[in-house]
Amino acid sequence: MKLLIKPLVMGFIAAGVLSSQLAQAADIQPRMIRFGYGLAEDSNQGRAVKFFVDELAKRSGGKLRAKGFGGASLGNDIQMQNALVGGAQEMMVGSTATLVGVVKEFGVYDLPFLFANEKEADAVLDGPFGQKLMARLPEKGLVGLSYWENGFRNVTNTKRPITRLEDLQGVKLRVMQNPVYIDMFNSFGANAVPMAFSELFTALETKAVDGQENPVNTIQSSKFYEVQKYLSMTRHVYSPWIVLVSKRWWEGLSKDERKVIQEAANAARDFERKDTRAEAERGIAFLRKQGMQVNFVNTAELQRMREKAKPAFDKFAADSGAAVLKELQAALVQARK
Ligand code: TK8
């Protein structure tokens, strides 16, 4: 036994020394990276940023040090995007939906009932379509590294369970700062109020709005169950997060540094998707336990919502989104094969 274990252990040690020696040999300078995000530290987003931080330190022999700043402490999604463009902040993760001010075509992901499941989303986002859309960012001062999962969005509110389209009538609903969401929920008869995520809890608590829509994970980690009664599983949009870096900063990095950062972002993506899906599975039971009343919406009703949202599709297409919508639909056909 001893004879067998010894070379094994030594092999592990040698491999460890080797990988850190490789990191030493690579062209990597000591750097501090500010990595901002909007959700709580104890959220799927916060856990994935923490994973990235650890992974990056490991892969760079301790030279690349990232620090996570949660709870929008460096600013909300749009403010962080601006800070990245200006070079005042290095990294962030946030919703693709708030990128429409930078590249309009990112609104394509927000069109309702496009993706049927997570597998399709992974294939489209990680495949040529998602990468091509990301490639539009550098000309605007941003670089996209990878897509993480925010998830399928569901409606919460204090008025009533949403079981039919008509139940949304007159509900004052916070949406992301994105015209597709505003058009979609207005077409459903709700009163859509665009607002930064960082202001949302207070807006719900003070009843400035009646409701909001987000994945189960976020409803849990942001404690919306404390201020919302009804959760209706509409799954109306699959919402991606995107990891962004400042292009100005990125251009000053060596090839080795970029490679290590990209690889750590991808490793964190794989961790995050698994973690998010596992948490979402337990989420509904958790939210019920907190006193939320949860209902599922039947397919016929979701189909009615899809029809009703048609103007949002048409408007997006008319507003120079036709080409990207067609490409996404083609990518979906490919993913379904
Ligand atoms: C966090 C946001 C959040 C998004 C929203 O900063 O705004 O509702 O779902 O995840 O990006």
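When a ligand or atom number is given, it counts from 1 through the structure's own listing order.
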query: Which class fits the ring pair Phe185 and Tyr181: parallel under 30°, tilted 30 to 60°, perpendicular over 60°?
result: parallel

So side chain to side chain donor-acceptor pair (under 3.5 Å) across residues 283-296, not counting sequence neighbours, yields Ser232-Asn295

Contacts for ligand 1, heavy atom under 4.0 Å, by chain and number, are Gly38, Leu39, Asp77, Ser95, Asn150, Arg153, Arg174, Met176, Phe197, Asn214, Trp241

Sorted by chain and residue number, the salt bridge (charged side-chain N to carboxylate O under 4.0 Å, His left out) partners of Arg235 (sequence neighbours excluded) come out as none

Between Glu90 and Ser246: side-chain donor-acceptor atoms closer than 3.5 Å: no

**Asked** Is the NZ or CZ atom of Lys67 both under 6.0 Å from the centre of the six-membered ring of Phe69 and within 45° of that ring's axis?
**Response** yes

Residues joined to Tyr230 in its hydrophobic cluster, side chain to side chain under 4.5 Å directly or through other members, sorted by chain and number, are none

